[in-house]
Enquirer: 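Have a look at the structure that comes next, please.
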Amino acid sequence: MSEKPVNKYPVNLLDTPFPMRGDLAKREPGFLKDWQDNALYQAIRSKAKEQNRPKFMLHDGPPYANGDIHIGHAVNKILKDIIIKAKTLDGFDAPYVPGWDCHGLPIEHQIEKIVKFDKQALAANPAIFERVQEYRKANGLDPKETRLPAAFTRELCRDYAAIQIERQKADFIRLGVLGDWNNPYRTMDFKTEADIVRTLGKVHSNGYLIRGQKPVHWCVDCASALAEAEVEYEDKVSPAIDVGFRVVDSAALSAAFGGVNVQDIPAFALIWTTTPWTLPANQAVSVHAELIYDLIATPKGLLILARDLAEATIKRYDIETTEVIAQAKGAALEFLQLQHPFLERVVPVICGEHVTTDAGTGLVHTAPAHGLEDYVVGCKYKIPTDNPVGNDGRFYSNIEFLAGKTVWEANPLVLALLEERGALFASKKLEHSYPHCWRHKTPIIFRATSQWFIGMETAGIEGHTLRSQANTAVDSTEFFPAWGRARLEAMIKNRPDWCVSRQRNWGVPMTFFVHKETGELHPKSGELLEIVAKRIEAEGIEAWFKLDANELLGDDAIYYDKLKDTLDVWFDSGSTHYAVLRQREELTWPADLYLEGSDQHRGWFQSSLLTGCATEGRAPYKQLLTHGFVVDGKGLKMSKSKGNVIAPQSVINQLGADMLRLWVASTDYSGELTISDEILKRTADSYRRIRNTLRFLLANISDFGAENLLPAEELLQLDRYALVELAAFQAKITALYGKYEFHLAVQEIHAYCSEDLGSFYLDIIKDRLYTMGADSQGRRSAQTALWHISQALVRLLAPILSFTAHEAWGTLKNEENVFLSTWHTVPVVSDAEQLNARFVLIREVRAAAQKEIELQRAGGKLGSSLQAEVEITAAGDTYRALAGLGDELKFVLITSQARLVKGETSRISVGASTAAKCDRCWHYTASVGTHAEHSTLCSRCNDNLFKQGEVRAHA
């Protein structure tokens, strides 16, 4: 859409304050200041309230208040902002209250590092370190004292989180995200902490909170239980061993295998494990009741192995001579007594559904203290859950052979014991996937501890189990993309009880009193919890930690312990639907939409679902939208060590936030989002096309306002068609916004700017805009269409290119702000259907004519298309469509002459004009020179320029 140069005869070549170069990085902060100075977010809320708009509720999943935002944070917040702005323009009241997750180990760990003089932590947090030193001095402590009171540690955690929030907030605002930034929610706000406690109380009153000695993911470094979402899997090398459990009673073995003679022959049930350190906790060996087991005679004795695995297993033992002397189903082996391989303990064979023939021997070492499936089958057989390992990952002092050793130190010691006792049948190193702590990146263990759980199979509301409630809730939820449903269903189906207790300082306390002997909660737990919640609302969580039980329990205090556990931080964030949506007047429950990364099927989506079902009997959301992770141009995960990290701050400082927003919107978020310098360069190219289109539109209506608009019925045919196209385009884009398909919306916007406008409509109307009289009917007709296109396009761009739309809106001289408006009302064109059908044919002919003209130009027979004279032979609907254009046909073709001939065979012929070229409009026409005073002008330009002997004002 290059503009024609000004020659000695003036044309309507207008200018606009909307520059060709966006210079976004420098200019966006000014636009942002304008939003803030005019309290834009609050103005939107006021207008929505005045108009009584319907609500749309997107509840913000809280990022963790630790560290600067990364590109994944930017993706998440930009997607949310696009939706909020699109819904606002769609006529909804769509408030956005941003939030932060503030409690938990990562923050506590940062404080511990500062207190212990970690150089990196000190350099990053000078204000916190200064507070620590002031405290040491004020309390007469050694300047290097690292043991600080828990209450002061919590103060430091709160200060640290507040600092992190302000840093993150500044970056989120700079992204152009509109929200209630002056009044966000923080899980460490006193009121929110109190409401998290109230959520716990409601979970308890509905019957879902249980206490148990169950195996949980335990991080030795954290010295705490971990939630499912805090576990990630990495490869680890472990010793994979086959261990023989000697059969105690030969007669019982003979009976199990149909009376076969086994007298005086040593017999072993063989298990396979990659965790030798768990063998001290072994309480049984599990078989599957329906599997067939072989009794195999070998030089090493009789071996019991699953038939399907026997051949592969025997190879591991380097045994050449074998004979299967009997077979039996697993059920026949039940209660067969086995000698523990190195402890003075006899353990039974039991039957469990978890036993498979995927690997191993078909007999499973069962330690209820160290495995969830082991625990479940152990409960069935009333087998004790004896845990020999302490919080620090070391064996208790009373554990024979391994006292004081870490579980990892125990592995070689256990192997030596097995070898010594003749129980080690095979041993090799195995690399396999193993659970690790997501914070420390270290291997974790399964360890039975006394913890509090939200029971998945516990009957609660109306007698329903929490799992059944959650399944029903998932069925009622709409997923974007659709595959999210199966993912969440599978996780709910297989997840264990939710361990919600933690053994840390910085967290919302579990405000219960537990009977010292029975372990039962105080019978008035509900009443007591609300009293404590009110105190927390006034003083924060410290109100619980400093509480003297006598204040609330009186004489009963001697019988009860005040619970010291804190809540899993996923319970904190999972409770915000109550602590935020239920508590704020401008918000509603349930939310229409939760939007987070795909990892949150394990995390926030699930914790919110479970707290919602445990308190309200349903999910706290109607829709779930999942986006993928960001990877580099090669598809690799970003990491500092690889040097492939692209920081959002860097992109904003170089290219502007709108460029980052356009990249996010252009990318299909349902999979991985790929970013690189090359991809950002392509994004910049796309942005330039859109910006240049806006600039052309704004320049050519700079002398035009709403007062100059013509009714649709008075517009020229081409301009009416442009309005029909605009209405269809707007409907398509708003529908794509409604389906959250932003990358398709960007594709359509780019195509509209490039093809429907740039290569067609705007290209055709340039002559009218530049050469006709400034206030002529033809020019005003085109400007009317351009005005409507501009009004619609700026609004449609606003959710994505928010700063650019703000700038363009100001150039349009509209009142208020683009985000205080709604989608543009495009005039209805009465003959829209006929125009559409007609212009399909016209555009086909135009494309064919342009192709023929380009062939002539390539052959050197033509210069510009305006030098061409075209003759078109057409029939039927095509002829009628072209004939309907009348004299406009040559302008549609951008030729100086166009002749239409009716004929049976379609044909296009192109020749070079022999007429003179008009100096002003550059058309070749015989009328050039017909006016003696202006011999280089055509008659049309002469009429457009001169009236009563005066030159018309150059607009």
Side-chain angles (χ1 to χ4, degrees), residues 238-276 278-279 282 284-352 355-366 414-430:
S238 300
I241 62 174
D242 290 70
V243 180
F245 283 65
R246 187 162 183 161
V247 179
V248 172
D249 187 343
S250 297
L253 178 64
S254 174
F257 279 96
V260 64
N261 182 15
V262 295
Q263 191 172 5
D264 299 325
I265 306 175
F268 299 89
L270 274 299
I271 64 94
W272 178 85
T273 182
T274 57
T275 55
T278 62
L279 282 169
N282 176 274
V285 170
S286 296
V287 297
H288 194 290
E290 296 302 316
L291 284 180
I292 301 298
Y293 290 84
D294 288 345
L295 184 62
I296 307 171
T298 77
K300 293 188 177 184
L302 299 174
L303 307 185
I304 303 172
L305 297 168
R307 177 198 288 176
D308 294 343
L309 294 166
E311 183 178 351
T313 302
I314 289 292
K315 285 181 181 178
R316 292 202 294 270
Y317 305 159
D318 295 326
I319 296 174
E320 296 181 0
T321 307
T322 64
E323 180 187 358
V324 177
I325 62 172
Q327 293 177 337
K329 276 192 173 184
L333 306 181
E334 189 177 27
F335 301 122
L336 188 66
Q337 299 297 295
L338 309 173
Q339 176 62 50
H340 189 283
F342 57 82
L343 295 177
E344 294 301 319
R345 181 188 304 157
V346 174
V347 301
V349 173
I350 60 177
C351 295
V355 180
T356 69
T357 55
D358 294 339
T361 64
L363 297 92
V364 176
H365 150 50
T366 303
V414 169
L415 263 66
L417 277 169
L418 294 171
E419 184 77 49
E420 179 186 328
R421 304 297 172 91
L424 185 64
F425 279 66
S427 175
K428 60 179 281 189
K429 297 292 184 182
L430 176 70

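Computed from heavy atoms alone, side chains included, the values below leave out hydrogens, waters and symmetry copies. Predicted model, so just to flag it, every value in this text is computed and none were measured.
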Enquirer: Hey, mind stepping through Leu333 and Phe257 against side chain to side chain contact (heavy atoms under 4.5 Å, CB included) and telling me if it holds?
Expert: CA-CA 8 Å; Leu333 306 181; Phe257 279 96; 3.5 Å; yes

Enquirer: Which value, rounded to the nearest 0.5 Å, describes the distance between Glu420 atom CD and Leu415 atom CG?
Expert: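 One gets 12.5 Å once the value is rounded to the nearest 0.5 Å.
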
Enquirer: Under 3.5 Å, is there a donor-acceptor pair between the side chain of Ser254 and the main chain of Val260?
Expert: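 At least one qualifying donor-acceptor pair exists.
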
Enquirer: Could you walk me through whether Leu336 and Ile304 satisfy the side chain to side chain contact (heavy atoms under 4.5 Å, CB included) test, starting with their C-alpha distance in whole Å, then the side-chain angles of each, then the deciding distance to 0.1 Å, before giving a yes or no?
Expert: CA-CA 12 Å; Leu336 188 66; Ile304 303 172; 4.2 Å; yes

Enquirer: Before giving the answer on side chain to side chain donor-acceptor pair (under 3.5 Å), spell out for Thr361 and Thr313 the whole-Å C-alpha distance, their side-chain angles and the decisive distance to 0.1 Å.
Expert: CA-CA 6 Å; Thr361 64; Thr313 302; over 6 Å; no

Enquirer: How long is the straight-line distance from CD1 of Ile314 back to CZ of Phe425, given to the nearest 0.5 Å?
Expert: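 Spacing of CZ (Phe425) from CD1 (Ile314) equals 9.0 Å.
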
Enquirer: Picking from Ile271, Ile241, Val347, what satisfies side chain to side chain contact (heavy atoms under 4.5 Å, CB included) with His365?
Expert: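 Exactly one candidate clears the test, Ile271.
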
Enquirer: For side chain to side chain contact (heavy atoms under 4.5 Å, CB included), just list the numbers for Gln337 and Val346, CA-CA rounded to whole Å, side-chain angles, deciding distance to a tenth of an Å, and then say yes or no.
Expert: CA-CA 6 Å; Gln337 299 297 295; Val346 174; 3.3 Å; yes

Enquirer: Yes or no on side chain to side chain contact (heavy atoms under 4.5 Å, CB included) for Phe245 and Leu363, after CA distance, side-chain angles and deciding distance?
Expert: CA-CA 11 Å; Phe245 283 65; Leu363 297 92; over 6 Å; no

Enquirer: Would you check if Pro341 and Arg421 make a side-chain contact, meaning some heavy-atom pair closer than 4.5 Å?
Expert: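 No. Closest side-chain heavy atoms not under 4.5 Å.
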
Enquirer: Rounded to the nearest 0.5 Å, what separates atom CD in Gln339 from atom CD in Glu344?
Expert: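 That separation rounds to 6.0 Å.
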
Enquirer: Indicate yes or no for a side-chain donor-acceptor contact from His340 to the backbone of Leu279 under 3.5 Å, with no hydrogens or angles considered.
Expert: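 Side chain of His340 to backbone of Leu279: a pair is present.
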
Enquirer: Test of understanding: with salt bridge (charged side-chain N to carboxylate O under 4.0 Å, His left out), list the residues that count as partners of Asp242, not counting sequence neighbours.
Expert: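 Per chain and number, Asp242 pairs via salt bridge (charged side-chain N to carboxylate O under 4.0 Å, His left out) with Arg316.
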
